[in-house]
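Accompanying notes for the structure given below.
It should be emphasised that the depicted structure is a prediction, and the values quoted were computed from it without experimental measurement.
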Amino acid sequence: MSSSLDKLRALTSRLEDKIEEKEKISAVISTEVKEVKKSEKKPLEKAVKSADDNCDNVREENIKRVKELYEKLKIFEKSQDFDKVFIYKAMNLSGIGLKEDDFGEVREGKYIQVIAITYEPDKNGKKKAKNISLGYFGKAETLENTLKNEIIEFVLRWRYEKAFQNVEHYKDLISRVETPSDTLF
């Protein structure tokens, strides 16, 4: 594999390490909660905030790189507003494998495209999936390795940001539910 794919795998590994680190912090905090008296909750909140701050830094770096790739891959030609690229429900890649068993493999004879998926009502009012091509990169056989890795990175980083947005959505919903005062968040 190329160095770009290795860099992407290294990035994924680092991100997984940071998530694991965050989970360890959460586990430590949950054991501390049992021992902390109600009057001593402020240090606990600081620990949670520092984990959230770390997560925010990872998110900022990710979104910065997504924007760079958005411009480099000329996704702006099909989706002019960068912030609106996240309104899509999902994003896939045509012509390159993203599953564990075929990750990064180019499918011979296929065309390489970044496909955004949205749901729109049909004439009967039922929601129907609609695929939108955000980028066309030609036949698989002619694709340069560096470009292939940047395309893969864009889709994965887009999905990563979408996951952050989903977490944010659920945090907002949880904040609207009445919870006992001794829970973490």
List for me each residue that meets side-chain hydrogen bond (donor to acceptor under 3.5 Å, both in side chains) alongside [X], sequence neighbours excluded, and say none if there are none.
X    : answer
K162 : none
S133 : Q113
N92  : R159
E71  : none

In Å, rounded to the nearest 0.5 Å, how long is the span from CZ of F154 to CG of L69?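 It is 7.5 Å, given to the nearest 0.5 Å.
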If you measure from OG1 on T118 to NZ on K127, what distance do you get to the nearest 0.5 Å?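 Answer rounded to 0.5 Å: 9.0 Å.
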Check [X] against [Y] and note the closest heavy-atom contact, atom names and distance.
X    : Y    : value
N62  : E161 : ND2-N, 3.6 Å
F103 : I152 : CZ-CG2, 3.8 Å
I117 : A129 : CG2-CB, 4.4 Å
Y111 : Y136 : CD2-OH, 2.9 Å

Is there a donor-acceptor pair closer than 3.5 Å between any side-chain N or O of D122 and the backbone N or O of G125?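 A pair under 3.5 Å: yes.
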Side-chain donor or acceptor of D172 paired with backbone N/O of H169 under 3.5 Å: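 Side chain of D172 to backbone of H169: no pair is present.
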Could you tell me which residues satisfy salt bridge (Lys or Arg N to Asp or Glu O under 4.0 Å) with E61, sequence neighbours excluded, listed by chain and number?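 E61 satisfies salt bridge (Lys or Arg N to Asp or Glu O under 4.0 Å) with no residue once adjacent residues are dropped.
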Pairwise side-chain hydrogen bond (donor to acceptor under 3.5 Å, both in side chains) hits with a residue in residues 73-83, at least two apart: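 Not a single pair qualifies under side-chain hydrogen bond (donor to acceptor under 3.5 Å, both in side chains).
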Heavy atoms, side chains only, cut-off 4.5 Å: are V106 and K148 in contact?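 Touching, per the 4.5 Å side-chain cut-off.
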Could you label the plane-to-plane angle of the F86 and W158 rings as parallel, tilted or perpendicular, counting under 30° as parallel and over 60° as perpendicular?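 Aromatic pair F86/W158 classed parallel.
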